[in-house]
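In this chain, residues are counted from 1 in sequence order. Note that the structure is predicted; figures quoted are calculated from it, not measured. Just the heavy atoms: all of them, side chains too, but no hydrogens, waters or symmetry mates, feed the values below.
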Amino acid sequence: QLSANASSDNLTGTGIFGDGFHTPVLQADPRGSVQKLTNGTVNFNNKFGKQLKVNLIYYFNNDIDDSKGTVNRQQFVGDTTFNTFSNNINHHSSTSQTLSGHLEYGSDTATSIKYNPEFSYNSNNSNSATNATGSNNFVPLLSQSINNSTSKGSSATFRHEFTYYTRLS
């Protein structure tokens with residue numbers, strides 16, 4: 001038996017469906033994110049003869065989150081007007097893949113051998129950029145900051161389990 005399942009969603013976090021956790025797409029002070037989720041699974045099951053059972057599963061997941069925000073603020077204190085403008089852009093991506101199996105061999109109900117391997121690989125990266133300026137009606141540029149950051153990571157794991165069962169007489 002072979003089965004497969006896959007899905008992709010690029011509207012998560014847009015606020016189109018009113019989930020209440022993300023800011024709507026259209027607004028005067030736009031801040032929000034768009035997330036794209038893609039995943040899939042392939043599952044293979046078979047019994048070879050009367051004694052060997054095999055189950056293999058492959059799982060894939062990819063999550064991409066893009067967000068940006070812009071703020072333009074004015075504060076009035078006496079005859080001075082303070083202006084603050086900031087803009088930020090963020091991107092995060094993560095991918096995970098897992099391949100696992102279950103093999104079982106049993107010559108009869110008194111003896112069986114089981115082997116369960118699993119391999120996983122995960123990777124992620126993030127990028128962020130922020131620009132901010134401050135001024136007032138007397139000093140055109142009070143402050144300015146530009147910040148960029150990047151991070152990447154990955155991991156691989158392998159685990160397995162071997163079991164031998166026998167009934168003692």
Side-chain angles (χ1 to χ4, degrees), residues 1-27 29-71 86-131 146-169:
Q1 175 185 353
L2 180 66
S3 62
N5 181 19
S7 69
S8 186
D9 174 8
N10 66 349
L11 294 176
T12 302
T14 60
I16 290 174
F17 299 108
D19 57 11
F21 295 106
H22 298 76
T23 307
V25 176
L26 300 174
Q27 58 179 347
D29 183 16
R31 284 182 237 173
S33 68
V34 174
Q35 185 177 31
K36 180 178 180 182
L37 302 170
T38 304
N39 58 53
T41 304
V42 176
N43 188 356
F44 172 76
N45 288 298
N46 205 353
K47 189 173 183 180
F48 297 95
K50 294 182 180 181
Q51 298 179 13
L52 181 61
K53 296 177 190 175
V54 175
N55 174 239
L56 297 172
I57 299 172
Y58 172 73
Y59 177 75
F60 171 82
N61 186 62
N62 181 258
D63 181 0
I64 298 171
D65 188 13
D66 290 311
S67 64
K68 67 179 183 176
T70 301
V71 175
S86 66
N87 185 31
N88 63 34
I89 298 172
N90 300 299
H91 171 79
H92 177 76
S93 173
S94 64
T95 301
S96 63
Q97 300 181 68
T98 301
L99 178 63
S100 62
H102 175 76
L103 286 79
E104 185 174 345
Y105 179 81
S107 58
D108 55 34
T109 58
T111 303
S112 68
I113 298 171
K114 295 180 181 179
Y115 181 62
N116 299 312
E118 180 179 286
F119 175 76
S120 295
Y121 177 77
N122 301 295
S123 65
N124 63 63
N125 71 44
S126 295
N127 300 305
S128 176
T130 303
N131 301 312
I146 300 171
N147 300 301
N148 294 303
S149 67
T150 300
S151 65
K152 289 185 177 187
S154 64
S155 67
T157 59
F158 177 74
R159 73 166 192 83
H160 59 116
E161 185 179 288
F162 178 81
T163 310
Y164 175 76
Y165 294 100
T166 187
R167 182 173 49 187
L168 301 174
S169 311

Quick one: closest heavy-atom pair of [X] and [Y], and the distance?
X: G101; Y: L56; value: CA-CD2, 3.9 Å
X: N122; Y: Q97; value: OD1-N, 4.5 Å
X: E104; Y: H102; value: OE1-NE2, 3.4 Å

| query | Are F60 and V42 close enough that some pair of their side-chain heavy atoms sits under 4.5 Å apart? | reply |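 No, too far: nothing below the 4.5 Å cut-off.
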| Is any side-chain heavy atom of N125 closer than 4.5 Å to a side-chain heavy atom of T150? |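 A side-chain contact is absent here, since even the closest heavy-atom pair is not under 4.5 Å.
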| request: Take N88 and S128, measure what side-chain contact (heavy atoms from CB on, under 4.5 Å) needs, and give me the verdict at the end. | output: CA-CA 7 Å; N88 63 34; S128 176; 5.8 Å; no
| field | H92 vs N90, side-chain contact (heavy atoms from CB on, under 4.5 Å): CA-CA, chis, key distance, verdict | value | CA-CA 7 Å; H92 177 76; N90 300 299; over 6 Å; no
| request: Can you establish whether the number of heavy atoms outside R159 located under 6.0 Å from its atom CZ is more than 12? | output: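 Counting neighbours around CZ of R159, more than 12 heavy atoms of other residues, nucleotides or ligands fall under 6.0 Å, so yes.
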Interatomic spacing from [atom1] in [X] to [atom2] in [Y] - rounded to 0.5 Å:
X: R167; Y: S112; atom1: CZ; atom2: OG; result: 11.5 Å
X: K68; Y: N87; atom1: NZ; atom2: CG; result: 8.0 Å
X: N61; Y: T95; atom1: CG; atom2: OG1; result: 8.0 Å
X: L37; Y: D65; atom1: CG; atom2: CG; result: 9.0 Å
X: F162; Y: I113; atom1: CZ; atom2: CD1; result: 5.0 Å
X: Y59; Y: S120; atom1: OH; atom2: OG; result: 11.0 Å

| Can you tell me if D63 uses its side chain to pair, donor with acceptor, with the backbone of S94 under 3.5 Å? |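 Between the backbone of S94 and the side chain of D63 there is no qualifying donor-acceptor contact (under 3.5 Å).
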| task | Apply the test side-chain contact (heavy atoms from CB on, under 4.5 Å) to residues I146 and N148: give CA-CA distance (whole Å), side-chain angles for both, the deciding distance (0.1 Å), then the verdict. | result | CA-CA 7 Å; I146 300 171; N148 294 303; 4.1 Å; yes
| How are the rings of F48 and F44 set relative to one another: parallel (under 30°), tilted (30 to 60°) or perpendicular (over 60°)? |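 Tilted.
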| Relative to each other, are the rings of H160 and Y115 parallel, tilted or perpendicular (30° and 60° limits)? |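 H160 and Y115: perpendicular rings.
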| request: Any chance you could lay out the side-chain contact (heavy atoms from CB on, under 4.5 Å) test for H91 and I64, step after step, and finish with the verdict? | output: CA-CA 7 Å; H91 171 79; I64 298 171; 3.6 Å; yes
